[in-house]
Trainee: 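A single structure is presented below for examination.
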Amino acid sequence: MLRTGRPRTGPTAGGTPLPAESLPARVRWAVTSWRLAAAMWMRAAMSYRANFVLTSVGSLLVTFLDFLVLILMLRHTGQLGGWTLPEIGLLYGTSGFALGAADLLVGSVDGLGERIRSGTLDVLLIRPAPALSMVCAERFTLRRLGRPLQAALVLGWAMRALPLVWTWPRLLLLAALLVSGTVIFAAVFVAGAAVQFWWGESREFQNAFTYGGATLLSHPPGIYGKELVAGVTFGVPLAFVNWLPLLRLLGRPDPLHLPPVFELASPLVAVLCALGAALAWRAGLRAYRGSGS
Amino acid sequence: MDTSAGLYLAIARGSFRRYSTYRVATVAGAFTNTVFGCVLAATFLALWRARPGLGGYDTAQAVTYIWVSQALLVAVAAWGGGFQDDLQARLRSGDIAVDLYRPVDFLGWWLAADLGRAAFQLLTRGVVPLAAGVLLFHARLPHAALTWPLFVLSALLAVTVSFGLRFLVSVTGFWLDDSEGLRSLMLVVSMFLSGMLLPIGLFPEGLRQAAQVLPWSALIQVPCDLFLEHRTGWSALTALGFQLLWAVLLFAAGRAAQSLATRKVVVQGG
């Protein structure tokens, strides 16, 4: 570890230096902050009860439409790119769950640009809680449970409809996929939002990778060009959210003919993505100079 | 008449200029529309390879459908939005009272502003994905020169119909305090029944017939069919007539709702 002349200490209270907090303690504090802020926003949302019910129903229905479109498509052809409806249901359920869970936890981070523009980010920065937790919990409502819930229902249906025996290793692979996928999408949300520290109005770029990514992943990889598949494997690593592990689960060939180890690498990729997003956020926060308003 | 036309033109021009200042947002949005276009066009290619001629479209038309619908998505505000965001914010802050006192027609003001916005978005977030579709997926451009002005006219009518629907949702804010809930339900209906997610021709019977006569099909399905030259000649004229009819009906309904809402407003002095 590098030693500089200055001791590494936290903020001082009454002239007495406090020891720097450990990483687990800081993570715990960040999670607590998120939980408290989310609870506050939920109470706020519940004060408009009729709107809460309507927006919840709307949210459930709009996510269901995506799957309805797949059903209507397969009604005409029976399969898409050689995949049957239950197999596509597995793709849809896993990508929808990962995106939905990530959106539930950190989705509102995309409102960062708006906060920078209006100068309200400064208010968060002086609060004794991590700004990332505050921004992620912003306007949290249970309405955002709609997408992961609906995706989980489709996933459950697909698991029953597939002619596949659900052994423990398979279930473990699926569980690891859901967690890793959520972390990967959450990292994309946060990294995309960090870009807004430099380009305040770039909010929609992130939609291309999050919502666009989830749409991509709910269809079989074989129907896309090899360049696109390579791009979401080695560029923005979305292929690790569900494509690669599910190819193994369903025993289907990989269009890129990658070594089988790629099909099991999702947890590692998720950790790397989270690290990358954390670095991007820190760099953004350092570059931020306030709005001056 | 002359001066009011000039006034509305100035409002539209101002709105066009306002949206043109969001440069990064425009680039980001055009990029997102292009990414979605690529993903969806690939699925349509796979579908039409399995069943050529599905829904009466050949494969080139089917792929083009995706690119034209992506090009129209933001301009016709199939997701909602546009003037709706501004109007809702003004309802919430109470600034709406000032708007109602202006010596300009309330409905006309917002329509002009929304048309200016749509024109900008059709030129940027419309042209970019369509060009990408032509380059990457060989999207089919119209063969007859006359199709272009017909398409532009149809897109204009689509924005007007969409405005009528969004205006009705927004004015419910005068009664509901916040029209957000109704708006999210409208989004579901609009995305599905406009043909944005799937051409209406692929819907099951019954649902297809209903969707064809409802106003939402005027937003995406009708302008797309004109662009693809799926509807030509007399059929193209009836398509435009259908859009015009809904535009007029919704405009009248909006006007009626507005006069009811105006009576409802209580201005709190200050």
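Sequence lines set the chain letters: A, B, ... in the order given, protein chains first and strands last, and positions in each chain run from 1.
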Trainee: Please round to the nearest 0.5 Å and tell me the distance separating atom CG of Leu61(A) and atom CG of Leu185(B).
Mentor: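 Reported value, rounded in 0.5 Å steps: 7.0 Å.
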Trainee: Given heavy-atom pairs under 4.5 angstrom as the criterion, report whether the side chain, backbone, both or neither of Phe203(B) touches chain A.
Mentor: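 Both parts, heavy atoms under 4.5 Å.
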Trainee: Side chain, backbone, both or neither: which part of His219(A) has a heavy atom under 4.5 Å from chain B?
Mentor: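 Side chain of His219(A) only, per the 4.5 Å heavy-atom cut-off to chain B.
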Trainee: State whether the side chain of Thr32(B) and the backbone N or O of Asn207(A) hold a donor-acceptor pair below 3.5 Å, judged by distance alone.
Mentor: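 Judged by distance alone, no pair lies under 3.5 Å.
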Trainee: More than 12 heavy atoms of other residues, nucleotides or ligands under 6.0 Å from CH2 of Trp157(A): yes or no?
Mentor: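 Atom CH2 in Trp157(A) is crowded, with more than 12 foreign heavy atoms closer than 6.0 Å.
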Trainee: Non-hydrogen atoms of chain B under 4.5 Å away: do they reach the side chain of Leu80(A), the backbone, both or neither?
Mentor: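 The side chain, not the backbone.
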Trainee: Taking all atoms of both residues into account, what is the closest heavy-atom pair of Phe36(B) and Tyr211(A), and its distance?
Mentor: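 In this case the closest contact between Phe36(B) and Tyr211(A) is CZ-C, 3.6 Å.
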Trainee: With a 4.5 angstrom heavy-atom cut-off, is it the side chain or the backbone of Leu40(B) that approaches chain A, or both, or neither?
Mentor: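 Side chain only.
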Trainee: Enter the distance from His76(A):NE2 to Leu202(B):CG here, rounded to the nearest 0.5 Å.
Mentor: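 Here the rounded value is 4.0 Å.
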Trainee: Has the side chain of Glu201(A) got a donor or acceptor atom that lies under 3.5 Å from a matching backbone atom of Ala25(B)?
Mentor: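 At least one qualifying donor-acceptor pair exists.
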Trainee: Name the one of Val189(B), Leu198(B), Leu197(B) that satisfies side-chain contact (heavy atoms from CB on, under 4.5 Å) with Leu65(A)?
Mentor: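 When side-chain contact (heavy atoms from CB on, under 4.5 Å) is applied between Leu65(A) and each of Val189(B), Leu198(B), Leu197(B), only Leu197(B) qualifies.
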Trainee: Partners of Ala42(B) by side-chain contact (heavy atoms from CB on, under 4.5 Å), sequence neighbours excluded?
Mentor: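 If we apply the side-chain contact (heavy atoms from CB on, under 4.5 Å) test to Ala42(B), skipping adjacent residues, the hits are Tyr224(A).
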Trainee: Work out which heavy atom in Ala46(B) is nearest to a heavy atom in Gly81(A); give both atom names and the distance.
Mentor: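 Closest approach of Ala46(B) to Gly81(A), heavy atoms only: CB-N, 4.4 Å.
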Trainee: Can you check whether Glu204(A) reaches Asn33(B) side chain to side chain, under 4.5 Å on heavy atoms?
Mentor: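 No - every pair of side-chain heavy atoms lies 4.5 Å or more apart.
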Trainee: Does a side-chain heavy-atom distance below 4.5 Å link Leu72(A) with Pro204(B)?
Mentor: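 Heavy-atom side-chain distance check passes, below 4.5 Å.
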Trainee: Kindly indicate whether the side chain of Phe64(A), heavy atoms from C-beta on, has any atom under 4.5 Å from the side chain of Val188(B).
Mentor: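 They are not in side-chain contact.
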Trainee: Looking at Asp66(A), Val62(A), Leu74(A), which makes the most heavy-atom pairs under 4.5 Å with chain B?
Mentor: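 The candidate making the most pairs under 4.5 Å is Val62(A).
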Trainee: Where on Arg23(B) is there a heavy atom nearer than 4.5 Å to chain A: the side chain, the backbone, both, or neither?
Mentor: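 For Arg23(B), backbone heavy atoms alone lie under 4.5 Å from chain A.
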Trainee: Ile223(A) versus Thr43(B): any side-chain heavy-atom pair under 4.5 Å?
Mentor: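 Ile223(A) reaches Thr43(B) side chain to side chain.
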Trainee: Which atoms of Tyr22(B) come close to chain A, meaning under 4.5 Å heavy atom to heavy atom: side chain ones, backbone ones, both, or neither?
Mentor: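 Contact with chain A involves both backbone and side-chain atoms of Tyr22(B).
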Trainee: At a heavy-atom separation under 4.5 Å, does Val35(B) approach chain A through its side chain, its backbone, both, or neither?
Mentor: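 Contact with chain A involves the side chain of Val35(B) alone.
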Trainee: With a 4.5 Å heavy-atom cut-off (strictly below), which parts of residues 50-82 of chain B touch chain A? List them by number.
Mentor: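 Result: Ala50(B), Arg51(B), Leu54(B).
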